[in-house]
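Just so we're clear, the structure is a prediction, and the values are computed from it rather than from any experiment. The figures here come from the full heavy-atom set of this structure, side chains too, leaving out hydrogens, waters and symmetry mates.
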Amino acid sequence: MNNPLSLDGKTILVTGAASGIGRATALYLSELGARLVLIDKNLNGLEEVYGLCATKADIYKCDLVNHDELTILLKSIVSNYQEFNGFVHVAGVSYISPLKTISLEISRQVLQVNTLAGLEIAKYLSYRSMIALGGSSFVFISSIYAMVGTSANCVYAISKAGIHGMVKALAIELASKKVRVNCVTPGFIDTEMMEYNQGKFDSDYLERIRGLHPLGLGKPDDIAGAIAFLLSDISRWITGVCLPVDAGYTAQ
């Protein structure tokens with residue numbers, strides 16, 4: 001029996017592919033047969049992922065904070081590839097700061113990477129010439145912090161809540177082009193970003209976080225599987241959805 005999640009023959013672009021969820025997603029999609037276009041600012045990490053891919057992959061170093069750098073890359077991608085079957089915006093940065101110390105400059109950088117860079121890529125890839133004959137699937141990575149509140153996390157929450165609104169608007173706008181647009185909303189995932197942020201919290205707080213996930217904390221592959229589902233033809237009637245993959249966090 002054929003794998004219903006097969007991505008054989010599909011070309012998919014993934015941002016943030018050098019580590020964490022992005023790395024797991026790239027490798028997962030590669031195992032399902034996808035040809036990959038991988039973007040990250042960490043070239044060493046990209047090269048490592050490239051060496052592990054089971055299918056053809058092209059890698060591009062790009063710092064998504066830099067809008068001009070991203071635009072140049074996207075113009076090159078549009079001219080170098082015939083079509084895309086999918087796009088996954090995983091790249092993201094966190095920003096923990098109480099309201100009184102929020103920096104607008106850093107806030108703009110967070111919004112650029114987490115939200116606006118994904119919007120820009122979607123704009124370029126939604127050109128008629130870039131959409132595969134059978135359509136395309138765009139998947140954005142949000143966060144449970146788009147759905148629940150927490151202290152000192154306002155800017156990050158804005159950037160992820162913006163994805164929810166963007167996904168629903170684009171799902172309607174691009175439906176006529178056979179482009180589906182969805183997002184995955186993860187709970188706490190055991191990644192390098194989480195390890196980095198752990199130093200900012202005490203052990204009691206971290207235990208409370210673990211307790212909010214009835215099925216335990218997640219692994220990057222848990223999110224990669226949901227992404228693969230939304231990219232595959234098995235989800236062909238799903239668009240405009242923000243799918244929580246959070247071990248039951250938001251069910252409480």
Side-chain angles (χ1 to χ4, degrees), residues 4-7 10-40 49 57 64 74 77 81 83-92 113-126 130-132 134-144 146-147 159-175 177-187 189 191 218-246:
L5 291 177
S6 174
L7 299 174
K10 294 183 183 292
T11 301
I12 296 172
L13 185 151
V14 181
T15 68
S19 62
I21 293 172
R23 172 192 170 102
T25 298
L27 297 179
Y28 200 104
L29 301 182
S30 177
E31 290 294 334
L32 291 173
R35 178 191 177 183
L36 300 173
V37 177
L38 307 177
I39 298 174
D40 202 290
V49 172
L64 299 185
L74 289 174
I77 286 174
Y81 298 87
E83 62 182 24
F84 281 87
N85 304 89
F87 153 54
V88 190
H89 185 50
V90 184
V113 174
N114 293 4
T115 316
L116 297 179
L119 179 63
E120 189 75 0
I121 296 171
K123 181 177 76 172
Y124 274 81
L125 297 192
S126 63
M130 297 306 297
I131 299 170
S136 295
S137 174
F138 296 171
V139 181
F140 294 82
I141 302 303
S142 179
S143 165
I144 53 170
M147 303 169 68
S159 73
K160 294 302 186 177
I163 288 175
H164 284 213
M166 177 172 64
V167 159
K168 293 182 180 297
L170 291 182
I172 301 305
E173 181 174 345
L174 299 180
K177 294 185 176 184
K178 296 184 179 180
V179 176
R180 297 185 295 109
V181 187
N182 297 288
C183 81
V184 175
T185 305
I189 305 298
T191 65
K219 297 292 184 182
D221 275 352
D222 297 321
I223 306 305
I227 291 169
F229 165 73
L230 291 172
L231 289 171
S232 73
D233 293 339
I234 201 171
S235 64
R236 62 186 177 273
W237 214 49
I238 298 175
T239 195
V241 167
C242 298
L243 175 64
V245 183
D246 60 7

Item to complete: State whether a side-chain donor-acceptor pair under 3.5 Å links His164 with Thr185.
Response: yes

Fill in: Val139/Val184 under side chain to side chain contact (heavy atoms under 4.5 Å, CB included): CA gap, chis, key distance, verdict
CA-CA 7 Å; Val139 181; Val184 175; 4.1 Å; yes

Discussion item. Nearest 0.5 angstrom please: Lys177 NZ to Leu170 CG, how far?
Written reply: 10.5 Å

Worksheet entry | Step-by-step side chain to side chain contact (heavy atoms under 4.5 Å, CB included) determination, Leu32 to Ser6 | CA-CA 5 Å; Leu32 291 173; Ser6 174; 6.0 Å; no

Worksheet item: Is it true that Lys10 and Asp233 make a salt bridge, defined as a side-chain N closer than 4.0 Å to a carboxylate O?
Response: yes

Discussion item. Donor-acceptor pair, distance only, cut-off 3.5 Å: does the side chain of Asn85 make one with the backbone of Thr11?
Written reply: yes

Discussion item. Are more than 12 heavy atoms, taken from residues, nucleotides or ligands other than Lys178, located less than 6.0 Å from that residue's NZ atom?
Written reply: no

Discussion item. So which atom in Ile131 and which in Ser126 form the shortest heavy-atom distance, rounded to 0.1 Å?
Written reply: CD1-O, 3.4 Å

Discussion item. Main chain of Ile141, side chain of Lys160: is a donor-acceptor contact present, judged purely on distance under 3.5 Å?
Written reply: yes

Worksheet item: Given the rule in the side chain to side chain contact (heavy atoms under 4.5 Å, CB included) test, do Leu64 and His89 qualify, once you have shown the distances and angles that lead to the verdict?
Response: CA-CA 11 Å; Leu64 299 185; His89 185 50; 3.9 Å; yes

Practice prompt. Only pairs at least two apart or in different chains count here, so list each salt bridge (Lys or Arg N to Asp or Glu O under 4.0 Å) that has a residue in residues 11-22.
Written response: none

Discussion item. How long is the straight-line distance from CG of Asp222 back to CG of Asp246, given to the nearest 0.5 Å?
Written reply: 11.5 Å

Fill in: Contact check, side chains of Val245 and Pro186, non-hydrogen atoms, under 4.5 Å
no

Worksheet item: So, does Ser137 use its side chain to make a donor-acceptor pair with the main chain of Leu230 at under 3.5 Å?
Response: yes

Fill in: Verdict with supporting geometry, Ser136 and Arg180, side chain to side chain donor-acceptor pair (under 3.5 Å)
CA-CA 6 Å; Ser136 295; Arg180 297 185 295 109; over 6 Å; no

Worksheet, complete the sentence: Correct closest heavy-atom pair for Val181 and Thr239 would be N-OG1, 3.0 Å

Discussion item. For Ile238, is there any backbone N or O sitting under 3.5 Å from a side-chain donor or acceptor partner on Asn182?
Written reply: yes

Worksheet, complete the sentence: Distance col, row Asp40:CG vs Thr15:OG1, nearest 0.5 angstrom, shows 8.0 Å

Worksheet, complete the sentence: Ala226 and Leu243 have their tightest heavy-atom pair at CB-CD2, 4.3 Å

Practice prompt. Please report the shortest heavy-atom distance between Leu7 and Ser232, naming the atom on each side.
Written response: CD2-CA, 3.9 Å

Worksheet item: Measuring from Thr25:OG1 to Ile227:CD1, what's the distance to the nearest 0.5 Å?
Response: 3.5 Å

Worksheet item: Rounded to the nearest 0.5 Å, what separation is found between the OG atom of Ser30 and the CG atom of Leu36?
Response: 5.5 Å

Practice prompt. Please examine the side chains of Ile12 and Arg35, heavy atoms only from C-beta on, and report whether any two atoms are closer than 4.5 Å.
Written response: no

Item to complete: Looking only at non-hydrogen atoms, find the nearest pair between Val49 and Ala26 and report the distance.
Response: CG1-CB, 4.0 Å

Discussion item. Please evaluate residues Ile121 and Leu13 with respect to the criterion side chain to side chain contact (heavy atoms under 4.5 Å, CB included), reporting the C-alpha separation (whole Å), side-chain torsions for both, the decisive distance (0.1 Å), and the verdict.
Written reply: CA-CA 10 Å; Ile121 296 171; Leu13 185 151; 4.3 Å; yes

Worksheet item: So which heavy atom on Arg23 is nearest to which on Ala18, and how close?
Response: CB-C, 3.9 Å

Response to the item:
One should read off an interatomic distance between Ile21 CD1 and Tyr28 OH, to the nearest 0.5 angstrom, of 14.0 Å

Practice prompt. Could you pull out all residues at least two apart from Phe87 that satisfy ring-ring contact (aromatic ring centres under 6.0 Å, His included)?
Written response: Phe138, Phe140

Discussion item. Donor-acceptor check, side chain of Asn114 to backbone of Ser159, threshold 3.5 angstrom: yes or no?
Written reply: no

